[in-house]
Protein chains: 2
Amino acid sequence: MEARIEKIKQQLQSQGYKLTPQREATVRVLLENEEDHLSAEDVFMLVKDKAPEIGLATVYRTLELLSEMHVVEKLNFGDGVARYDLRTDSSKHHHHHLICVQCGAMDEIKEDWLLPLEERLEQEYGFTVLDHRLDFQGICHRCNANNDKTNE
Amino acid sequence: MEARIEKIKQQLQSQGYKLTPQREATVRVLLENEEDHLSAEDVFMLVKDKAPEIGLATVYRTLELLSEMHVVEKLNFGDGVARYDLRTDSSKHHHHHLICVQCGAMDEIKEDWLLPLEERLEQEYGFTVLDHRLDFQGICHRCNANNDKTNE
DNA sequence: TTCTGTGCAAAGCTTTTGCACCCTG
DNA sequence: CAGGGTGCAAAAGCTTTGCACAGAA
């Protein structure tokens with residue numbers, strides 16, 4: 001974890017930015033909740049435990065900065081708030097979401113199933129893919145199981 | 001076009017809703033701009049040409065209603081506004097967006113390249129796919145061409 | 001000192017809601 | 001006259017911005 005913070009610190013410094021205590025607290029919250037998709041408000045409340053004097057605007061500014069640095073990815077699931085995801089170390093970020101329309105759970109598949117498609121896009125459409133996003137909406141295995149039980 | 005409006009009218013009536021003049025004007029705007037991804041504001045301004053007395057709230061309410069009826073799909077590209085897309089007649093809606101980070105153009109691929117993935121999800125994850133969404137961010141063929149020219 | 005970063009409050013935007021009124025059935 | 005539908009304006013979020021101040025280089 002310290003190593004990842006150190007890396008982000010260097011990324012920031014290489015662009016002339018500082019890893020201030022507020023920014024570090026924000027990054028730590030993101031690291032500690034890597035599996036979640038936190039909204040700015042979520043991050044704000046968690047950061048407040050570490051640094052109670054922080055302001056919401058600073059959190060927004062930090063997330064915006066981290067987003068520009070490609071340290072986090074800003075996601076939009078259509079629920080009215082932006083959510084932020086730490087990017088993995090790999091140069092490209094590929095993950096897929098399984099959003100259950102019944103219970104609202106969001107699972108994640110990290111495996112990348114899209115490389116063949118991207119190659120086709122480059123060749124057939126002349127489109128250079130930098131990133132992508134793939135969300136599936138449907139019914140998760142838990143709800144599927146429950147539904148089966150109910151119907152018995 | 002009249003046939004499609006008639007069909008939507010029947011869909012509404014089957015749920016106890018009416019196709020009021022305002023709603024019809026909104027649907028016509030969506031039909032006439034089927035290739036675009038209009039925001040509520042966009043729709044509002046276009047509908048005003050047909051029905052100047054309409055209010056923005058009515059447009060929002062109509063789009064929300066049409067969205068519930070699965071006549072349109074509400075999309076979110078992360079630019080701060082919801083956008084609305086008429087659904088095609090086919091029961092499943094599958095399209096992919098190519099969003100250019102350089103010029104902002106959004107092209108669309110209607111072809112469905114994901115069926116194999118969906119089958120895998122069902123089998124390996126027990127996840128029943130109802131809909132999906134796939135966006136690629138990158139550089140479009142036009143910008144790629146321009147960039148090449150500039151670099152010469 | 002200079003410049004970046006911060007907290008607070010105000011403003012900005014999109015979207016939703018309350019309410020009186022209208023119109024159809 | 002009952003009910004849904006509408007327009008207007010106000011309210012309600014989420015996010016950004018202006019400004020004065022703090023702190024490091």
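In what follows, every chain begins at residue 1, and chains take the letters A, B, ... in the order their sequences are listed.
For the contact set between residues 9-32 of chain B and DNA chain C, defined by any heavy atom under 4.0 Å, there are no members. Scanning residues 45-53 of chain B for heavy-atom distances under 4.0 Å to DNA chain C yields an empty list.
Judged as a salt bridge (charged side-chain N to carboxylate O under 4.0 Å, His left out), and not counting sequence neighbours, the contacts of B:Asp79 are B:Arg83. A:Glu41 pairs by the side-chain contact (heavy atoms from CB on, under 4.5 Å) definition with A:Ser39, A:Phe44, A:Leu56, not counting sequence neighbours. Among residues two or more places apart in sequence or in another chain, the side-chain contact (heavy atoms from CB on, under 4.5 Å) test is passed with A:Asp36 by A:Asn33, A:Leu38. In terms of the side-chain contact (heavy atoms from CB on, under 4.5 Å) criterion, residue partners of A:Leu12 (sequence neighbours excluded) are, by chain and number, A:Ile8, A:Tyr17, A:Leu19, A:Leu65, A:Met69. In this structure, the side-chain contact (heavy atoms from CB on, under 4.5 Å) partners of A:Ala40, at least two apart in sequence or on a different chain, are A:Tyr60, A:Leu63, A:Tyr84.
Nearest-nucleotide mapping onto DNA chain C: of A:Ile54 and B:Ala57, the residue sitting toward the 5' end is A:Ile54.
Taking only distance into account, the side chain of B:Arg61 never meets the base of D:dG4 through a donor-acceptor pair shorter than 3.5 Å.
A:Tyr60 has no side-chain polar atom (N or O) that falls below the 4.0 Å cut-off from OP1 or OP2 of D:dT16.
Sorted by first and then second residue, the pairs that involve residues 49-60 of chain A and meet salt bridge (charged side-chain N to carboxylate O under 4.0 Å, His left out), not counting sequence neighbours, are A:Glu32-A:Lys50. Residue pairs meeting the side chain to side chain donor-acceptor pair (under 3.5 Å) criterion with at least one partner in residues 18-30 of chain B, sequence neighbours excluded, are B:Glu2-B:Arg28, B:Glu24-B:Arg28.
Between chain B and DNA chain C, the heavy-atom contact criterion of under 4.0 Å yields a 5' to 3' nucleotide range of C:dT14 to C:dG18.
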For this session: For side chain to side chain contact (heavy atoms under 4.5 Å, CB included), just list the numbers for B:Arg4 and B:Leu86, CA-CA rounded to whole Å, side-chain angles, deciding distance to a tenth of an Å, and then say yes or no.
Result: CA-CA 11 Å; B:Arg4 295 182 67 185; B:Leu86 218 39; 4.1 Å; yes
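Inter-residue side-chain proximity for B:Arg61 and B:Glu64 is flagged as unmet; no heavy-atom pair is nearer than 4.5 Å.
Residues A:Met45 and A:Val81 fall into different hydrophobic clusters, defined by Ile, Leu, Val, Met, Phe, Trp and Tyr side chains chained together at heavy-atom separations under 4.5 Å.
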